[in-house]
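Just the heavy atoms: all of them, side chains too, but no hydrogens, waters or symmetry mates, feed the values below. Computed from a predicted model, the values in this text were never measured in an experiment.
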Amino acid sequence: MIRFTILGISILLVVATALSIADGFFLDQNYLKPWQKSYSDQFTDPRIKLAACGLLAANGHNMQPWKVRLDKNKNVFYLFADNQRLSQEVDTSAQQVMITQGTFLEYVRVGGNFMGYKTNIILFPDGEYDEGNLTKSMQDKPVAKITLSLFDSGTCTPYEYMFQPDTNRGAYENQELTPEELQQFFAINSSGTEKLDIFQDRKNKRILDNYVLKGAEIESGIHRISKESADIFRKNECEKNKYRYGFSVEGQGISGLKKYFVQGMLTLFPFINSEKISTDMYMKTVQEEVNNTPAYGLIITTDNSRTEQVKSGMLYSRLVLEAHALGLAVQPMSQVIEEYPEMKEQHDKIHRDYAQNGDTIQMFFRIGRPVQEFPRSMRRDVMELIEK
C-alpha cells in the first residue's frame with residue numbers, strides 16, 4: 001500500500017510538473033500589467049498615460065485595434081483604427097471596430113478628467129472614411145483628434161472602475177434592475193443622440209433570449225468564423241505573453257489553479273480543443289448565460305455613419321463604468337446584429353422588432369448583478385499602440 005501510494009503521488013507530481021511546464025506556469029503575467037493602477041506612472045507624456053487608460057476599454061474580440069499618433073504639439077494626439085487588426089469574417093463592415101474606437105475614447109476622457117486634463121475630442125477631423133477603400137482610409141484618416149488642456153480635476157469616480165474587467169460572461173442574479181438603477185443608466189445618455197433601451201419584462205426577455213441563442217447557433221456553425229476565432233486563441237501563458245490579444249480560457253471564466261490545468265492540457269493535447277468540442281462548449285455556455293440573465297440592453301442610432309458608431313462606443317463605455325459603480329456587470333451579445341450573409345435573416349428580423357424607421361442597433365448586451373468576479377483579459381503594452 002505504501003509503495004502504491006508513493007507511486008501514485010509520484011505520477012501526480014510528474015503530471016503536474018508536465019502541465020506546469022507546458023503552460024508556462026512560472027512566467028510573469030506581463031499581459032495583465034496594464035490593469036495595474038500604477039502602470040501609467042512609468043510614462044511622463046500625458047498622452048501615453050491616457051492611451052494606457054484607453055487600452056483597458058472593451059473591444060471586439062479583444063483585438064485592441066488602436067493606433068496612437070503623437071503630434072509635434074505635445075498637447076495633441078490622434079487615434080487611428082488599426083487596419084491590421086480586423087475581424088473580417090464576423091465584422092464584415094467594420095462596425096464593431098468603430099464602436100471599439102469609441103470605447104477607447106471614453107476611457108481616455110475619463111482618465112483625463114482624473115489626471116487633471118480636459119480632453120477635447122473631435123471625431124474624424126479629416127472627414128469620414130472612403131467606404132470604397134476602407135482599409136486605406138483607416139490608415140490615412142484619424143478617427144479622432146484629442147487635444148489636452150489642464151484643469152482642476154474634481155471627483156472623478158468612474159476612473160476607479162476602469163480597472164475592473166469590462167466584460168463578465170458568468171451568471172447574473174435573477175434580480176431585475178431597480179427603477180433607480182435604470183434612471184442612472186438613462187441619465188448617462190441625457191445629452192446624446194443615441195438611444196439606450198433596457199428590457200427586463202418577460203415578453204421581451206423571451207424574444208431576446210431567442211435572438212441570442214439563434215445568433216450563437218448560426219455563428220458557431222460556420223467554419224470560417226470558427227477558424228478566425230481559433231487563430232487568435234492563446235492556449236497558455238507563453239502565448240498570452242507573446243501576443244497579448246485575442247481569446248483565452250479566462251474568457252470562459254476559468255481562473256485559479258483550474259486555469260493552469262486546462263491550459264496545460266490544451267498545450268499537451270491540442271486535439272481536445274477541436275472545432276466540434278469548442279462549438280458544443282460555446283453553445284452550452286451561451287445557454288447558461290441566457291438562463292442567468294435578468295435584463296438586456298440595446299444601443300440604437302438613427303443612422304449608421306462612422307461617427308454614430310464611434311459615439312455608440314463612447315456611450316457603451318459610460319454604461320460599463322456606471323454598471324460597475326452600481327455593482328452590476330455587462331456582456332456584449334452582438335452575434336445577431338453582425339452583417340455577414342448567414343446572419344442576414346436574423347439581423348433584419350431583430351431590426352424590424354426593435355429598430356424602427358431605418359434605425360441601426362449598434363450594441364446588444366446583457367446586464368445584471370454578477371454571481372462572481374470574472375478574470376481580466378489580456379492587454380498589449382501601450383507602447384505597441386504608439387506609432388514610431
Side-chain angles (χ1 to χ4, degrees), residues 58 60 90 95-96 99 165-189 194-221 251-253 281-301 312 315-339 343-357 359-374:
V90 292
Q95 177 190 29
Q96 293 179 18
I99 292 170
D166 53 271
T167 299
N168 187 317
R169 295 181 175 84
Y172 299 164
E173 294 179 4
N174 185 22
Q175 177 182 339
E176 290 187 354
L177 277 63
T178 66
E180 293 76 18
E181 288 169 338
L182 290 172
Q183 185 178 6
Q184 291 283 90
F185 284 120
F186 294 134
I188 66 175
N189 194 39
E194 303 74 36
K195 180 183 178 184
L196 172 64
D197 283 332
I198 295 178
F199 302 94
Q200 51 188 2
D201 62 283
R202 184 174 299 179
K203 177 183 176 181
N204 281 298
K205 170 84 167 47
R206 184 173 62 251
I207 294 171
L208 293 169
D209 280 347
N210 289 332
Y211 276 124
V212 170
L213 291 169
K214 188 64 177 177
E217 179 186 352
I218 291 170
E219 184 158 298
S220 64
Q252 302 304 315
M281 290 182 62
Y282 171 65
M283 288 305 303
K284 180 181 178 182
T285 298
V286 173
Q287 184 65 66
E288 291 175 351
E289 291 166 354
V290 165
N291 293 343
N292 294 278
T293 296
Y296 289 107
L298 300 172
I299 294 176
I300 302 172
T301 58
S312 295
L315 172 58
Y316 184 70
S317 272
R318 293 198 296 275
L319 183 139
V320 168
L321 296 175
E322 186 63 36
H324 290 165
L326 295 170
L328 302 170
V330 293
Q331 176 193 353
M333 310 297 286
S334 295
Q335 285 79 9
V336 77
I337 61 173
E338 292 167 347
E339 297 180 317
M343 195 65 76
K344 186 178 189 306
E345 180 180 350
Q346 294 301 312
H347 172 279
D348 292 349
K349 188 177 178 183
I350 193 174
H351 276 78
R352 286 195 298 269
D353 286 347
Y354 290 97
Q356 306 302 316
N357 304 317
D359 293 353
T360 300
I361 302 173
Q362 301 290 353
M363 289 292 296
F364 176 20
F365 55 92
R366 62 193 283 255
I367 184 167
R369 196 168 303 279
V371 172
Q372 61 185 33
E373 292 185 5
F374 211 74

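- Every residue two or more places apart in sequence or in another chain was checked for a salt bridge (Lys or Arg N to Asp or Glu O under 4.0 Å) with Arg366, and none qualifies.
- Considering every non-hydrogen atom in both Gln346 and Val336, the closest pair reads CB-CG2, 3.6 Å.
- The minimum heavy-atom distance linking Gly327 with Pro370 is given by the pair O-CD, 3.4 Å.
- Separating the CZ atom in Arg206 from the CG atom in Asp201 is a distance of 9.0 Å, to the nearest 0.5 Å.
- Summarising the geometry, atom CG belonging to Leu177 is positioned 8.0 Å from atom CG belonging to Leu326; distances are rounded to the nearest 0.5 Å.
- Remark: Leu321 CG to Ile188 CD1 distance equals 8.5 Å, nearest 0.5 Å.
- Screening residues 168-186 for salt bridge (Lys or Arg N to Asp or Glu O under 4.0 Å) gives Glu181-Arg369 as the qualifying pairs, with residues at least two apart or on separate chains.
- By the 4.5 Å heavy-atom criterion applied to side chains, Gln287 and Lys284 are not counted as neighbours.
- Residues satisfying the ring-ring contact (aromatic ring centres under 6.0 Å, His included) criterion with Tyr354, sequence neighbours excluded, are Phe199.
- Residues Gly251 and Phe374 approach most closely at O-CZ, 3.5 Å, considering heavy atoms.
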Carefully, step by step, assess Thr293 and Met333 under the rule side-chain contact (heavy atoms from CB on, under 4.5 Å).
CA-CA 11 Å; Thr293 296; Met333 310 297 286; over 6 Å; no
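- Asp197 meets the salt bridge (Lys or Arg N to Asp or Glu O under 4.0 Å) test with Lys195; sequence neighbours excluded.
- Across every non-hydrogen atom of Pro294 and Gly368, the tightest pair is CG-CA, 3.8 Å.
- To the nearest 0.5 Å, atom CG of residue Asn189 and atom CG of residue Leu315 are 4.5 Å apart.
- Among residue pairs with one or both ends in residues 319-330, none qualify as salt bridge (Lys or Arg N to Asp or Glu O under 4.0 Å); sequence neighbours excluded.
- Looking at residues two or more places apart in sequence or on another chain, you find no salt bridge (Lys or Arg N to Asp or Glu O under 4.0 Å) involving Glu289.
- Partners of Pro332 according to the side chain to side chain contact (heavy atoms under 4.5 Å, CB included) rule, which considers only residues two or more places apart in sequence or in another chain, are Thr167, Tyr316, Ser334, Met363.
- For the side-chain contact (heavy atoms from CB on, under 4.5 Å) test with Lys205, the passing option among Leu208, Asp209, Ile207 is Asp209; the others fail.
- Without hydrogens or angle criteria, Asn168 side chain to Gln372 main chain gives a donor-acceptor distance under 3.5 Å.
- Counting heavy atoms from C-beta on, the side chains of Asn292 and Val371 never come closer than 4.5 Å.
- Contacts of His351 classified as ring-ring contact (aromatic ring centres under 6.0 Å, His included), with partners at least two apart in sequence or in another chain: His347.
- None of Phe364, Phe365, Tyr172 except one satisfies the ring-ring contact (aromatic ring centres under 6.0 Å, His included) rule with Tyr296; the exception is Phe364.
- A salt bridge does not link Lys349 with Asp353: every distance from a Lys NZ or Arg NE/NH1/NH2 to an Asp or Glu carboxylate oxygen is 4.0 Å or more.
- The salt bridge (Lys or Arg N to Asp or Glu O under 4.0 Å) test applied to Asp348 returns Lys344, not counting sequence neighbours.
- Residues satisfying the side chain to side chain contact (heavy atoms under 4.5 Å, CB included) criterion with Ala323, sequence neighbours excluded, are Phe185, Leu328, Val330.
- At distances below 3.5 Å, at least one donor-acceptor pair connects side-chain atoms of His324 with backbone N or O atoms of Pro165.
- The structure places CD1 of Ile198 at 9.5 Å from CD1 of Ile299, a figure rounded to the nearest 0.5 Å.
- For Glu373, the CD atom counts as loosely surrounded, since its 6.0 Å shell holds 12 or fewer non-hydrogen atoms of other residues, nucleotides or ligands.
- Counting heavy-atom neighbours within 6.0 Å of Gln356 CD, excluding the residue itself, gives a total above 12.
- Using modelled atom types and a 3.5 Å distance limit, the side chains of Gln96 and Glu338 yield a donor-acceptor pair.
- With hydrogens and angles ignored, the 3.5 Å screen pairs no side-chain donor or acceptor of Gln335 with any backbone N or O of Glu219.
- Among residues two or more places apart in sequence or in another chain, the ring-ring contact (aromatic ring centres under 6.0 Å, His included) test is passed with Tyr211 by none.
- For Thr301, the side chain to side chain contact (heavy atoms under 4.5 Å, CB included) criterion is met by Glu194, Glu308, Ser312, Thr360, Gln362, not counting sequence neighbours.
- Dense packing is recorded around CG of Asn210, with more than 12 heavy atoms of other residues, nucleotides or ligands lying under 6.0 Å away.
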